[in-house]
Amino acid sequence: MSILRILQYPDPRLHTLAKPVAAVNEQVRKLVADMAETLYAAPGVGLAATQVDVHKQVIVIDISETRDQLHTFINPEILASSGVSDCEEGCLSVPGIFEKVKRAEQVTVRALDREGKLFTLDANGLLSVCIQHEIDHLKGKVFVEYLSRLKQARILNKLKKMQRKIM
Ligand code: NI
């Protein structure tokens, strides 16, 4: 397993549309294992393949405190959603930024697991928000892009200053 490099906003590669996985093979399972290791090392609650510059529809999520409840979603599809949630979100590609985003409160998602088996999951709360956030990544959308232009400009400024400090 290896820790992968996470693209940092506003890297244009974060806007790439991810392709469906044709077959869940060893290569895909290796990607899932590497993404999980990267997620735990960060640490974060969710990671989409887009964020590690692999443009396949693969997501890993672990919202547990014990860090041992990994969910893998391959080719995820939201079948139904309901309610409204207004959660504060963050993102490993947008470090240090936390903003409220309007999402559905509940989602029903269908995806393939690590074994290539189709499953359906009803999610609410943080898991639901996380699933929606990560599926957005696969579509090339970063959560800050839901915010006003003014807020986005402020965030870009802040990130530039932070990146300058690191270099
Ligand atoms: Ni994110």
Side-chain angles (χ1 to χ4, degrees), residues 1-19 31-74 76-78 81-107 109 111 123-167:
M1 288 201 291
S2 41
I3 293 175
L4 308 169
R5 204 180 142 260
I6 299 173
L7 298 178
Q8 299 296 297
Y9 187 78
D11 193 308
R13 289 171 289 182
L14 286 168
H15 295 136
T16 313
L17 198 64
K19 291 200 174 76
L31 172 66
V32 168
D34 287 346
M35 284 174 62
E37 199 182 8
T38 307
L39 177 75
Y40 291 128
V45 291
L47 187 69
T50 309
Q51 292 176 275
V52 293
D53 202 24
V54 176
H55 301 288
K56 289 179 185 161
Q57 294 179 9
V58 177
I59 288 169
V60 292
I61 293 175
D62 190 341
I63 58 160
S64 72
E65 279 186 20
T66 44
R67 314 297 282 152
D68 57 0
Q69 306 286 315
L70 189 77
H71 291 274
T72 304
F73 301 90
I74 298 168
E77 226 185 313
I78 289 179
S81 60
S82 62
V84 182
S85 140
D86 199 12
C87 246
E88 198 166 76
E89 296 183 22
C91 179
L92 292 175
S93 293
V94 199
I97 305 293
F98 299 92
E99 295 283 347
K100 279 188 174 180
V101 176
K102 219 170 238 175
R103 305 271 188 194
E105 164 67 25
Q106 282 129 3
V107 294
V109 63
N124 55 42
L126 179 58
L127 183 58
S128 164
V129 167
C130 207
I131 290 168
Q132 295 172 73
H133 175 119
E134 303 308 334
I135 288 178
D136 272 355
H137 275 303
L138 301 180
K139 293 175 179 165
K141 184 150 183 154
V142 180
F143 83 106
V144 293
E145 289 158 358
Y146 285 106
L147 307 172
S148 69
R149 293 219 166 251
L150 182 67
K151 261 195 175 165
Q152 286 188 53
R154 279 191 194 141
I155 287 167
L156 279 174
N157 253 323
K158 194 173 165 188
L159 290 173
K160 259 188 230 155
K161 271 184 207 154
M162 277 169 51
Q163 277 157 7
R164 234 180 279 143
K165 259 186 220 160
I166 293 165
M167 289 191 286

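If you read the sequence from its start, that first residue is 1, and numbering goes on from there.
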Modelled atom types, side-chain donor and acceptor of S82 and Q106, under 3.5 Å: yes
Lys/Arg cation over aromatic Y146: K100, 6.0 Å, 45° cone: no
Check against side-chain contact (heavy atoms from CB on, under 4.5 Å), F73 and I135: CA-CA 9 Å; F73 301 90; I135 288 178; over 6 Å; no
Within-4.5 Å side-chain heavy-atom neighbours: P10 and L156: yes
From E105 atom CD to D86 atom CG, the distance as rounded to the nearest 0.5 Å: 11.0 Å
Minimum heavy-atom distance F143-C91, with the two atoms named: CE2-CB, 3.5 Å
Heavy atoms from other residues, nucleotides or ligands near CD of E88 exceed 12 (cutoff 6.0 Å): yes
Backbone of S2 reached by a side-chain donor or acceptor of E37 within 3.5 Å: yes
P95 versus L92, closest heavy-atom pair with distance: CD-O, 4.0 Å
Worked verdict on H71 versus E134 for side chain to side chain donor-acceptor pair (under 3.5 Å): CA-CA 12 Å; H71 291 274; E134 303 308 334; over 6 Å; no
Nearest heavy atoms of I61 and I63, plus distance in Å: CG2-CG2, 3.9 Å
Shortest non-hydrogen contact between M1 and A33, atoms and distance: SD-O, 3.4 Å
Note, E89 side chain near V129 side chain (heavy atom, < 4.5 Å): yes
Gap between atom CD1 of I78 and atom OG of S128 - 0.5 Å precision: 7.5 Å
Distance, nearest 0.5 Å, that separates CD1 of I131 from CG of L127: 4.0 Å
A104 backbone acceptor or donor facing Q132 side chain under 3.5 Å: yes
From OG1 (T16) to CG (D11), nearest 0.5 Å: 8.5 Å
From CA spacing to verdict: side-chain contact (heavy atoms from CB on, under 4.5 Å), I6, L47: CA-CA 9 Å; I6 299 173; L47 187 69; 4.3 Å; yes
Atom pair CG/CD of L138 and Q57 - distance to nearest 0.5 Å: 6.0 Å
Where G46 and L39 come nearest, the two heavy atoms and their spacing: N-CD1, 3.2 Å
Backbone N/O of R103 and side chain of S85: donor-acceptor pair under 3.5 Å: no
S93 and its side chain to side chain donor-acceptor pair (under 3.5 Å) partner, picked from H137, Q8, Q51: Q51
Residues M35, V52; criterion side-chain contact (heavy atoms from CB on, under 4.5 Å); working and verdict: CA-CA 8 Å; M35 284 174 62; V52 293; 4.2 Å; yes
Nearest-0.5 Å distance, OG1 of residue T50 to NZ of residue K141: 14.5 Å
Main-chain N/O of V142 paired to D136 side chain as donor or acceptor, under 3.5 Å: no
Full working for side-chain contact (heavy atoms from CB on, under 4.5 Å) between E99 and I155: CA-CA 10 Å; E99 295 283 347; I155 287 167; 4.3 Å; yes
Minimum-distance pair of heavy atoms, taken over all atoms of P76 and I59: CG-CD1, 3.8 Å
Main-chain N/O of L147 paired to Q152 side chain as donor or acceptor, under 3.5 Å: yes
